[in-house]
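Below you'll find the structure, written out as structure tokens, and then a few comments.
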Amino acid sequence: MNDDRDHHPLHTPVIDWFDDNARDLPWRRPEAGAWGVMVSEFMLQQTPVSRVLPVYGQWLERWPTPGALAADPSGEAVRAWGRLGYPRRALRLHAAATAIAQLHNGEVPTDHAELLALPGVGEYTAAAVASFAYGQRHAVLDTNVRRVFARAVTGVEYPPNATTAAERRVAHRMLPADEATAARWAAATMELGALICTARGPECVRCPIAGQCAWRLAGSPEHDGPPRRGQTYAGTDRQVRGRLLAVLREATEPVPQAALDAVWHEPVQRARALDGLVADGLVEPLQDGMYRLPG
DNA sequence: TACTCGTGGTG
DNA sequence: TCACCAAGAGT
């Protein structure tokens, strides 16, 4: 087992760059613990760091352990989620905390398979918690890492829309053999994608591996595959759901149907959105046409 | 697989 | 200005 087989030329420059440029984020501090890491990973799913920071601090102050969150109603989690978006994540984080309290003695599991079994924990989050919180060796494939590998290794501007087996193979092939180094590598590649190798306007002049980047060496060819799916929002059920839930988040008492009817003019879509929120467990219907966040 | 699911900042 | 983008998961 000589080093040449376990070490890739990109490892040292990326990790050295991370040593000098890593942001001081609260979930990276030792006192965050595994629960802090898990909370941050839920909040960061499709949501920028800048918007997560204030909510994360309030959340950990109020619910410093999974058991503390599990002891409160799920609706309180939805309320505290605020405007982070995708509020089902709040519900799933509450459900994950409940499972941790009941099945794992209140401790965030260290085992990857047990993490994956928790509500709201998928391929990425399970690997991220195991790697960042527990220093384990896992391929952590988020949108940043996928973009870094697409460029530096594969030589294309953007990764596919959905994670492919080929991407997983690249990630595993690139993963350092040593456990602690692998965990460092995971955080470093993610940070490189977030700060330098960004989707639009990458700062290649500041990139520690610009000289070895397959995409640069190929002349930075533009993306040529199928168009990346845009996310239309205006006029969708998601917008209506957002407005409905905003009313309920800001209300301390149950809200009458009329208050919800006021947020959207079209009755069929409005009813469909409300039904969807109830079906998702984000809204609880009471008697006499009153609604509230789940108690 | 492709689609749904929020919200707000930005080039 | 507005389409794109942001530490994905579930179905």
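Atom P of nucleotide B/dT4 and atom CD of A/Q46 are separated by 14 Å, given to the nearest angstrom. Atom CG of A/N161 is separated from atom P of C/dC5 by 10 Å (rounded to the nearest Å). Rounded to an integer number of Å, the gap from A/F18 CZ to C/dA7 C1' is 12 Å. Rounded to whole Å, atom P of B/dT4 lies 13 Å from atom CD of A/Q269. If you take CZ of A/R23 and C1' of C/dA6, they are 11 Å apart, rounded to a whole angstrom. In this structure, the CG atom of A/L195 is 13 Å from the C1' atom of C/dA6, given to the nearest Å. Computed from coordinates, the A/D142 CG to C/dC5 P distance equals 15 Å when rounded to whole Å. Rounding to whole angstrom units, CG of residue A/L53 and C1' of B/dT7 are separated by 16 Å.
Among the nucleotides B/dG6, C/dG10, C/dA7, the one closest to any side-chain atom of A/R92 is C/dG10. Residue A/V49 places its side chain closer to C/dA7 than to any other of C/dA7, B/dC5, C/dA9. The listed nucleotides are B/dG6, C/dA7, B/dT7; the one nearest the side chain of A/R83 is B/dT7.
Mapping A/S50 and A/D280 onto DNA chain B by nearest heavy atom places A/D280 at the nucleotide closer to the 5' end. In this structure, A/G82 and A/T163 both approach DNA chain B, and ranking their closest nucleotides by distance from the 5' end singles out A/T163. Along DNA chain C, the nucleotide nearest A/T198 and the nucleotide nearest A/T125 are compared for position; the residue whose nucleotide lies closer to the 5' end is A/T198.
A/V121 comes within 4.0 angstrom of sugar-phosphate atoms only, judged by non-hydrogen atoms across all strands, and of no base. Using a 4.0 Å heavy-atom cutoff across all strands shown, A/R147 reaches sugar-phosphate atoms only and no base atom. Within the nucleic acid shown, A/L245 has no heavy atom closer than 4.0 Å to any nucleic acid atom. Counting non-hydrogen atoms under 4.0 angstrom, A/W81 reaches nothing in the nucleic acid. Using a 4.0 Å heavy-atom distance criterion, A/R249 is classed as a sugar-phosphate-only contact. At a threshold of 4.0 angstrom between heavy atoms, the contacts of A/L244 with the nucleic acid are absent. Heavy atoms of A/F132 sit nowhere under 4.0 angstrom from any nucleic acid atom. Nucleic acid contact class of A/E123 (heavy atoms, under 4.0 Å, all strands): sugar-phosphate only. Contacts of A/G122 with the nucleic acid, taken as non-hydrogen atoms under 4.0 Å apart, involve only primed sugar atoms and P, OP1 or OP2. Residue contacts for A/A199: at a heavy-atom cut-off of 4.0 Å it reaches the sugar-phosphate backbone alone, with no base atom in range.
Taking atom P on both nucleotides, C/dA7 is separated from B/dT4 by 22 Å, rounded to a whole Å. Taking the C1' atoms as reference points, C/dA6 lies 23 Å from B/dT1, given to the whole Å. Taking the P atom of each, B/dC3 and C/dC4 are spaced 16 Å apart, rounded to whole Å.
A/R200 contributes no side-chain N or O that forms a donor-acceptor pair with the base of C/dC5 under 3.5 Å. Taking only distance into account, the side chain of A/R238 meets the base of B/dG6 through a donor-acceptor pair shorter than 3.5 Å. Scanning atom types as modelled, one donor and one acceptor separated by under 3.5 angstrom connect the side chain of A/R51 and the base of B/dT7. Residue A/T143 places no side-chain atom within donor-acceptor reach of the base of C/dG8, judged by atom type and a 3.5 Å distance cut-off alone.
In summary, the side chains of A/E41 and A/Y124 do present a donor paired with an acceptor at a separation below 3.5 Å, with no hydrogens or angles considered. Looking at A/T125 and A/Q45, their side chains do bring a donor and an acceptor atom within 3.5 Å of each other.
Contact between the side-chain N/O atoms of A/Y233 and the OP1/OP2 oxygens of B/dT7 is found at a separation under 4.0 Å. Between A/Q45 and C/dA7 there is no side-chain N or O to OP1 or OP2 distance below 4.0 Å. Applying the 4.0 Å criterion to OP1 and OP2 of B/dG6, one finds that A/R241 has a side-chain N or O inside that range.
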Side chain to side chain contact (heavy atoms under 4.5 Å, CB included) between A/T181 and A/H11, worked out: CA-CA 9 Å; A/T181 307; A/H11 290 165; 5.7 Å; no
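With A/R184 as the fixed residue, the salt bridge (charged side-chain N to carboxylate O under 4.0 Å, His left out) test singles out one of A/D16, A/D178, A/D19: A/D19.
Residues passing the side chain to side chain contact (heavy atoms under 4.5 Å, CB included) test with A/D261, sequence neighbours excluded: A/Q257, A/R270. For A/E179, the side chain to side chain contact (heavy atoms under 4.5 Å, CB included) criterion is met by A/Q136, A/R137, not counting sequence neighbours.
Linking ILVMFWY residues whenever their side-chain heavy atoms come closer than 4.5 Å, directly or via other members, leaves A/W215 and A/M174 in distinct clusters.
The shortest side-chain heavy-atom distance between A/V108 and A/L115 falls under the 4.5 Å cut-off.
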